[in-house]
Number of protein chains: 2
Amino acid sequence: MLNARARVSKATVRRIPLYYRAVQQLQQQGVKRIRSERLSEIIHIPSATIRRDFSSFGELGKSGYGYSVDTLVDEFGKLLEVQDAENILLVGCGGLGAALIENNFRRNPDLNITMAFDIDPAKIGTEIGGVPVYDFRELAMRVTPDIKTAIIAVPSSAQPQVIPALEGIGIDAILTFAPQPVVCLPTTTIRYIDLTSELQSLLFTAHHQQLAD
Amino acid sequence: MLNARARVSKATVRRIPLYYRAVQQLQQQGVKRIRSERLSEIIHIPSATIRRDFSSFGELGKSGYGYSVDTLVDEFGKLLEVQDAENILLVGCGGLGAALIENNFRRNPDLNITMAFDIDPAKIGTEIGGVPVYDFRELAMRVTPDIKTAIIAVPSSAQPQVIPALEGIGIDAILTFAPQPVVCLPTTTIRYIDLTSELQSLLFTAHHQQLAD
DNA sequence: AAATGTTTGTTAATCCATTCACATAGTAGC
DNA sequence: GCTACTATGTGAATGGATTAACAAACATTT
Ligand SMILES: NC(=O)c1ccc[n+]([C@@H]2O[C@H](COP(=O)([O-])OP(=O)(O)OC[C@H]3O[C@@H](n4cnc5c(N)ncnc54)[C@H](O)[C@@H]3O)[C@@H](O)[C@H]2O)c1
Ligand SMILES: NC(=O)c1ccc[n+]([C@@H]2O[C@H](COP(=O)([O-])OP(=O)(O)OC[C@H]3O[C@@H](n4cnc5c(N)ncnc54)[C@H](O)[C@@H]3O)[C@@H](O)[C@H]2O)c1
């Protein structure tokens, strides 16, 4: 419910999805209560961090008892707004884009890629996993006003054209796999997934680890 | 060259690939020298952070001049060991795995996925983008001793079986797309790419941003 | 209902990273 | 060579996040 008194740190925000997934799994297993110490073993986050994170959303637990799994599922579900569907468009139906559409976050029924765009005539007019692929030049014509979120899987070189077009139709949240940094509107929230960098920095760490990581 | 005197922070390690890519691009454009202030504009990292990061690898720059682009390309290339090929195996040739193989980090000639594994009989024995797909049960038989790195793109439920098998054949660096956390050997460096969590935390930030991000 | 045990929520301490700001060391022009 | 700039590299200040540790709050047992 996001008690106004406590600020939620960026680091905490990145962990909310992990908490949500874990408590959902516990609920499915029929577990009714969980201690921070036990949850720590499951998700490998220190129990003190868990308690601090949880407390920034209100007093979710009870001393000497722990947390009710049902309450946690409820609270984190509310935080992530899983009750209302998030409709998403995807740009760039290459290998990666197609894989994302096929998967379509099926474990999370609230996350739906509902339409896709490309510029390749061979792809325009087709469907991938039931999702229609439109011509990117028809973006404004095809997009429905409920869509505020986009995933970008086009080559880096195409990204500088794609982002302003998306902002022009009201998109304000973007997840992109093209690492080329762009300037975007102050109202746009953008996140880069840079697979090459992740691999390179992983390798650097692995090659240079004298001590454990 | 990783002067022993200065410790390289984790945050810095994550930025090395960004620096490497940027200076490579500058080199290709024929740029000979670069100031931290100018580089900051390109990659959107504060100039003070850039200077501190660079200085942890030695005195790469010159006062009143800046940095030589050639020197930087050289130094970061050495840090990332781009001179010797890194051969990689991939497990799980579904949508995501196949996309990774097709792409095969082609912008980085040192990074090569050289073989793939699956358990689906329909995939075993085929090739994807020239990369052979073997039966995962033949892992030990097929793997070559030069391979120390793996990418995992199997369903989360299969991951607990896959990781010990990889460790058993000497893999010590793992990049995985299955978010299910696992216990692994202390000598294994593992990194999770959790696409669903990235999207969910992005949406949380976008929905709750009263101030800019 | 008292005693015992458990686990939270939070204060304080610590750690890690970023940012400021400038002495220093070099460049560039003359 | 001398002067006027310029930009690095780094101490010091700041800020953010993690971790330790414990009083207070509740559960459980007897
Ligand atoms: N797949 C990987 O392993 C991998 C690894 C690292 C980075 N990436 C990045 O992910 C992104 C996508 O990768 P991919 O392998 O799917 O690439 P891909 O080349 O297979 O697909 C790109 C798709 O984007 C389409 N496209 C190009 N310009 C467009 C435009 N202006 N508007 C709409 N569509 C356009 C193309 O027609 C193509 O279908 C790239 O930026 C790539 O750098 C991918
Ligand atoms: N694609 C996405 O958009 C997306 C989104 C979020 C998370 N993920 C995660 O990425 C991973 C891969 O996703 P995907 O869409 O490619 O899945 P997918 O189901 O298309 O492919 C999984 C592949 O793994 C193979 N496999 C299963 N068990 C195996 C085993 N024990 N050994 C070897 N191979 C095995 C299957 O035969 C299949 O080919 C999953 O963990 C998924 O949760 C994917």
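This structure is a prediction, so every number in the text was calculated from the model and none was measured.
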Seminar exercise, completed: Which of D:dG9, C:dG9, C:dT7 is nearest the side chain of A:Arg35? It is C:dT7
Problem set entry | Residue pair B:Tyr20 / B:Val82, side-chain heavy-atom distance below 4.5 Å | yes
Nearest whole angstrom, please: distance from the [atom2] of [N] to the [atom1] of [X].
X       : N      : atom1 : atom2 : result
A:Tyr67 : D:dC26 : OH    : P     : 14 Å
B:Arg7  : C:dC15 : CZ    : P     : 13 Å
A:Phe57 : C:dT8  : CZ    : C1'   : 17 Å
A:Lys10 : D:dA17 : NZ    : P     : 8 Å
A:Leu72 : C:dT7  : CG    : C1'   : 14 Å
A:Glu37 : D:dA21 : CD    : P     : 13 Å
A:Ile34 : D:dA27 : CD1   : C1'   : 17 Å
A:Arg38 : C:dT7  : CZ    : P     : 12 Å

Under 4.0 angstrom, heavy atoms only, what part of the nucleic acid is [X] near: base, sugar-phosphate, or nothing?
X       : value
B:Ser36 : sugar-phosphate
A:Arg15 : sugar-phosphate
A:Phe54 : nothing
A:Arg14 : nothing

Seminar exercise, completed: Per side-chain contact (heavy atoms from CB on, under 4.5 Å), A:Leu89 is matched among A:Thr149, A:Thr144, A:Leu166 by A:Leu166
I'd like to know if the side chain of [X] pairs up with that of [Y] as donor and acceptor (distance under 3.5 Å, no hydrogens or angles considered).
X        : Y        : value
A:Thr49  : A:Arg15  : no
B:Thr114 : B:Asn112 : no
B:Asp70  : B:Gln27  : yes
A:Arg107 : B:Ser156 : no

Exercise. Has the side chain of B:Asn104 got a donor or acceptor atom that lies under 3.5 Å from a matching backbone atom of B:Ile113?
Worked result: yes
Problem set entry | Contact letters for nucleotides 19-30 of chain C, in which S counts primed atoms plus P, OP1 and OP2 and B counts the base, heavy atoms under 4.0 Å | B-B---BSSS--
Exercise. Between the two end axes of the helix from C:dA1-D:dT30 to C:dC30-D:dG1, each built from 5 base pairs, what angle do you get to the nearest 10°?
Worked result: 30°
Exercise. What's the shortest heavy-atom distance between A:Gln159 and A:Tyr192, and which atoms?
Worked result: NE2-CE2, 3.9 Å
For this session: Taking all non-hydrogen atoms of both residues into account, name the closest pair between B:Cys184 and B:Glu167 and its distance.
Result: CB-OE2, 2.9 Å
